[in-house]
Amino acid sequence: MAVSDGNKCYQFPKDFAWGASTAAYQVEGGWDADGKGLNIWDTFTHQGGDRVFKNQTGDVACGSYTLWEEDLICIKQLGLTHYRFSISWSRLLPDGTTGFINQKGIDYYNMVIDSLLQNNVVPVVTLYHFDMPQTVEDRGGWNSEETVAIFEQYAHFCFKTFGDRVKLWVTINEPYIVAKHGYEDGVFAPGKSKKGIGAYEAAHNMIKAHAKAWHAYNKSFRSQQKGLVSIAINSDWVEPFDPNSTEDKEAAERYLAFHLNWFAKPIFVDGDYPEVMKAEISNRSKEQGLQSSRLPEFTNEEKTMIKGTADFFCLNYYTTRKIKCPSSENGPSYDSDKAVEGLKDPDWPISGVEWLAVVPWGLRKLLAYIKDTCGNPAVYITENGFAQSDPPTFQDLQRWTYFQETLTEVLRAITLDEVNVKGYFVWSLIDNFEWTSGYSVRFGLFHVDFNLADLPRVPYHSAIEYSKVVKRNGLISQK
């Protein structure tokens, strides 16, 4: 059924997943509570140096480690069918390995999972959302191939411990952000800046780690637990700045190759990187006097191992860009290899943070692109949201308009483009620690007052309206 004007409810498919998402470091707090080990964001934020807004940390965050019941109340108020959260690797395994297991960490996540199920909410569990145990990072982190086996062991432990109840797993959240911000630019933890090398090494190892985890589940747990495993890939939609420019069209294609398809093509298509990505990096490496490409290569055995290691597609979408060729390029780096310039259309409204231009139709186009290039997978939109700057307004009417427009485009993707979208998760359930923006940016459906010791959660207008959509499994169109 198509979306059109008129005061009518347009239904989403039966059993559509309505959710919200959070991540451990961003909400839990309890950074050193009950035997939890250090992670890279503990280290990164404690080092200061204004790398985070006002040197804020996630030491307390939303206090969800001790206030989980308050989060559960929010989930129930919304009427969610699904809730996506991440496990703090170092809360379960303080040194990152199964050599020492923290039972209190197991108890906490058992409580979260069991209470969700008791309230008919499906847990969607992410194994890695940016918070590498510091001991694993000290051994090289994602720049080290050793981490592939360490992550596989961690994933196996989680499947064994929680998989009797968890049926939807996400191995790694936004490997692009981890690789680019953490190991190339150094603006996110662990703060490493290995220009032109670090991001590619990290991505290479994350793809292999994901695939190993998927195979571990497939071999040892799938037949009995009957769950599904994927990876959450973030991408903007892009279009050429000048639709008539061959250079801009090629730049837009290159952008998708270096973002979405950096991970989607190996995992969903053929086990290997996009051809344009391999060619660009190889050519530039030779021009720089190197004997081999800065982009690592997968062996034929690895390509076979990687191909097809996702049971559904997890997409994190926030915005769209217009793309053109850059006027200049600097030395060896991911950005020089990609060789694009992304621009915002001045007509696009801006949500709370400067980078987040609101472009709902971009999501529909990206969904259709994934359908066409990745074998028509089932798709869960595992993150989408709109920020408010601090101080926020409880009557976030404009923000709710953005949500309505976005959900309309999702419904069009389902009904008109026949994309198999299975669910939609708002980022985020509650205001939280937004990485280097600290608490200055608010994506939550629920307001959190970080100045009060009890960290109260209060719904924004958008939470109330979202709960209505969830309840009727549909949108009321307005003339």
Side-chain angles (χ1 to χ4, degrees), residues 21-46 57-75 83-119 121-139 147 150-173 189 213 221 225 227 429-430 432-433 448 453-455 457:
S21 298
T22 59
Y25 185 79
Q26 294 179 269
V27 300
E28 282 183 3
W31 74 277
D32 63 348
D34 294 339
K36 175 186 165 294
L38 275 179
N39 67 49
I40 57 174
W41 275 91
D42 295 324
T43 302
F44 188 79
T45 57
H46 292 173
T57 76
D59 289 1
V60 176
C62 307
S64 294
Y65 183 64
T66 54
L67 298 173
W68 162 246
E69 292 295 335
E70 300 301 313
D71 292 350
L72 183 60
I73 289 170
C74 297
I75 292 165
Y83 177 63
R84 179 183 172 223
F85 66 96
S86 78
I87 289 174
S88 168
W89 185 349
S90 63
R91 193 178 298 284
L92 276 189
L93 308 176
D95 70 357
T97 76
T98 52
F100 174 61
I101 297 166
N102 181 19
Q103 184 60 44
K104 290 188 177 180
I106 295 175
D107 294 344
Y108 173 70
Y109 293 112
N110 276 334
M111 176 187 66
V112 170
I113 292 164
D114 291 345
S115 59
L116 287 170
L117 292 171
Q118 289 162 9
N119 286 279
V121 179
V122 176
V124 182
V125 178
T126 302
L127 295 177
Y128 183 78
H129 199 127
F130 301 177
D131 51 352
M132 176 78 71
Q134 186 60 51
T135 52
V136 179
E137 184 59 45
D138 291 343
R139 294 160 70 171
T147 303
I150 298 173
F151 181 81
E152 180 187 6
Q153 180 190 59
Y154 162 58
H156 191 282
F157 176 81
C158 289
F159 298 149
K160 181 179 179 181
T161 306
F162 307 114
D164 57 327
R165 290 151 292 155
V166 175
K167 307 304 175 184
L168 290 172
W169 293 96
V170 180
T171 55
I172 298 169
N173 183 74
F221 301 101
Q225 295 181 358
L429 177 69
I430 53 180
N432 57 59
F433 178 83
V448 177
D454 59 346
L455 300 162
R457 285 88 158 124

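Here the structure is a predicted model, which means the values were calculated and not measured.
- With hydrogens and angles ignored, the 3.5 Å screen pairs no side-chain donor or acceptor of S86 with any backbone N or O of A23.
- At a threshold of 4.5 Å between non-hydrogen side-chain atoms, the residues F157 and I106 count as touching.
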#### Entry: Audit row: T22, S64, side chain to side chain contact (heavy atoms under 4.5 Å, CB included) steps and yes/no
CA-CA 10 Å; T22 59; S64 294; over 6 Å; no

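- Each of F162, F151, F221 was evaluated against H156; a single residue qualifies, F221, per the ring-ring contact (aromatic ring centres under 6.0 Å, His included) test.
- Nearest heavy atoms, N39 versus S90: CB-OG, 3.8 Å.
- For the residue pair Y108 and D34, no side-chain donor N or O sits within less than 3.5 Å of a side-chain acceptor on the partner.
- Taking CD1 of I113 as the start and CD1 of I87 as the end, the distance is 6.0 Å to the nearest 0.5 Å.
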### Message
Please determine whether side chain to side chain contact (heavy atoms under 4.5 Å, CB included) holds for the pair I73 and R457, giving the CA-CA distance in whole Å, both sets of side-chain angles, and the decisive distance to 0.1 Å.
### Response
CA-CA 9 Å; I73 289 170; R457 285 88 158 124; over 6 Å; no

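- When all heavy atoms of A213 and F159 are compared, the pair lying nearest together is O-CE1, 3.4 Å.
- Taken from CG in L168 to OG1 in T126, the straight-line distance is 10.5 Å, to the nearest 0.5 Å.
- Side-chain atoms of T147 and R139 form no donor-acceptor pair, as typed in the model, at a separation below 3.5 Å.
- Taking the side chain as every heavy atom from C-beta outward, Y128 and N173 never approach each other to under 4.5 Å.
- Side-chain atoms of H129 and V170, non-hydrogen and from C-beta on, never get closer than 4.5 Å to each other.
- Considering only heavy atoms from C-beta on, Q134 comes within 4.5 Å of I40 through its side chain.
- Among residues at least two apart or in separate chains, salt bridge (charged side-chain N to carboxylate O under 4.0 Å, His left out) pairs with a member in residues 35-44 are K36-D42.
- Contact of the W31 side chain with the T45 side chain is not registered, since no non-hydrogen atoms from C-beta on lie closer than 4.5 Å.
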### Message
side chain to side chain contact (heavy atoms under 4.5 Å, CB included) for L116 and L72? Distances and angles first, verdict last.
### Response
CA-CA 8 Å; L116 287 170; L72 183 60; 4.2 Å; yes

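- From L92, atom CG reaches atom NZ of K104 across 14.5 Å, with rounding to the nearest 0.5 Å.
- The nearest pair of heavy atoms linking C158 to W169 is O-CH2, 3.6 Å.
- Residues D114 and Q118 have side chains that never bring a donor and an acceptor to within less than 3.5 angstrom of each other.
- For the pair C62 and L67, the tightest heavy-atom approach, listed with the atom from each and the gap, is O-CD1, 3.6 Å.
- How far CD of E137 is from OG1 of T135: 10.0 Å, rounded to the nearest 0.5 Å.
- Annotation: side chain of V136 is not in contact with side chain of Y154 (no heavy-atom distance under 4.5 Å).
- Using a 4.5 Å cut-off on side-chain heavy atoms (C-beta onward), S88 and Y109 make contact.
- Looking at every heavy atom in both residues, S115 comes nearest to N119 through O-ND2, 2.8 Å.
- With rounding to the nearest 0.5 angstrom, the CD atom of Q103 is 8.0 Å from the CG atom of N110.
- The NE2 atom of H46 lies 3.5 Å from the CG atom of D59; values are rounded to the nearest 0.5 Å.
- When side chains are defined from C-beta on, L429 does not count as touching F85, because their heavy atoms never get closer than 4.5 Å.
- The salt bridge (charged side-chain N to carboxylate O under 4.0 Å, His left out) check on D164 picks up nothing, with sequence neighbours excluded.
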### Message
Pair V448, V27 - check side chain to side chain contact (heavy atoms under 4.5 Å, CB included), show working.
### Response
CA-CA 10 Å; V448 177; V27 300; over 6 Å; no

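- Closest heavy-atom contact between A61 and Y25: CB-O, 4.2 Å.
- The main-chain N or O of G96 is found under 3.5 Å from a side-chain atom of W89 such that the two form a donor-acceptor pair.
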